[in-house]
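A short worksheet on the structure shown next.
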Amino acid sequence: LDATEDLIALLLAVSRNNLWKVDIMVTMVSMWIVCSTFVTSSMSLNVSVGGEMMFASPYDHTSWKDCGDCSKAKGPSWIWMDITVVTGFGALMLIVMTAFLLWRHGYLRS
């Protein structure tokens, strides 16, 4: 009876450790995605992404054609694409590097 209790306690401990590993991985991935989203949004605040309204402001009905240079509202700019792709790739590399370091130090091993 004592051996069965010890075996069940051991199995529960292994299950708990596996849940901690999953929790660490999910937290790490979400942290790097949030960081890359913050960098992307901060870097591309004044860059045209193509989703702007076709009016100069929401309170008047002056279209972009009447306000001068209309090239700012004709779709996403390459700068915005570069910022988005580079920060996404950077986030992916940080996720892989952090997972490798956690595995190397024994936190993700069984």
Side-chain angles (χ1 to χ4, degrees):
L1 189 62
D2 289 334
T4 305
E5 287 179 5
D6 291 339
L7 180 64
I8 291 173
L10 182 63
L11 291 175
L12 288 174
V14 168
S15 297
R16 183 188 65 224
N17 289 342
N18 287 335
L19 283 175
W20 280 1
K21 290 176 194 175
V22 171
D23 184 40
I24 288 171
M25 290 298 292
V26 168
T27 304
M28 180 209 41
V29 168
S30 63
M31 177 192 66
W32 286 124
I33 288 174
V34 165
C35 289
S36 69
T37 304
F38 174 72
V39 168
T40 301
S41 63
S42 298
M43 297 287 291
S44 61
L45 282 174
N46 294 323
V47 178
S48 173
V49 295
E52 291 85 1
M53 293 176 48
M54 292 308 292
F55 298 104
S57 73
Y59 302 108
D60 64 357
H61 293 290
T62 305
S63 68
W64 282 111
K65 295 177 184 172
D66 298 333
C67 65
D69 185 14
C70 296
S71 64
K72 294 180 181 174
K74 291 186 177 178
S77 65
W78 287 107
I79 296 170
W80 181 79
M81 293 294 288
D82 288 343
I83 292 170
T84 304
V85 169
V86 166
T87 54
F89 182 73
L92 181 65
M93 290 296 105
L94 287 170
I95 289 168
V96 169
M97 185 175 58
T98 307
F100 175 74
L101 288 174
L102 288 173
W103 176 80
R104 177 105 162 105
H105 288 288
Y107 293 113
L108 299 179
R109 294 183 186 167
S110 293

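Values below: every heavy atom of this structure, side chains too, minus hydrogens, waters and symmetry copies.
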Keeping S30 on the side-chain end and T27 on the backbone end, is there a donor-acceptor pair under 3.5 Å?
yes
Taken to the nearest 0.5 Å, the spacing of M97 CE from R104 CZ works out to 14.5 Å
Answer yes or no: is there a donor N or O on one side and an acceptor on the other, between the side chain of S42 and the main chain of V39, under 3.5 Å?
no
Please name the pair of heavy atoms, one in S36 and one in I33, separated by the smallest distance, quoted to 0.1 Å.
OG-O, 2.9 Å
So if you build clusters from Ile, Leu, Val, Met, Phe, Trp, Tyr with side-chain heavy-atom gaps below 4.5 Å, do L94 and V96 land together?
no
Starting from W32, can I reach V86 by hopping between I/L/V/M/F/W/Y residues whose side chains sit under 4.5 Å apart?
no
Atom CG of L102 and atom CE of M25: how far apart are they, to the nearest 0.5 Å?
7.5 Å
Single-linkage hydrophobic cluster, 4.5 Å side-chain cutoff, V14 and W103 together:
no
Verify same cluster id: M93, M43 (apolar side-chain graph, 4.5 Å):
no
Supply the atom-to-atom distance L7 CG to L12 CG, rounded to the nearest 0.5 angstrom.
9.5 Å
Dump the intermediate steps for side-chain contact (heavy atoms from CB on, under 4.5 Å) on R16 and L19, then the final yes or no.
CA-CA 5 Å; R16 183 188 65 224; L19 283 175; 5.7 Å; no
Sort out for me which residue in I95, V34, I24 forms a side-chain contact (heavy atoms from CB on, under 4.5 Å) with V29.
I95
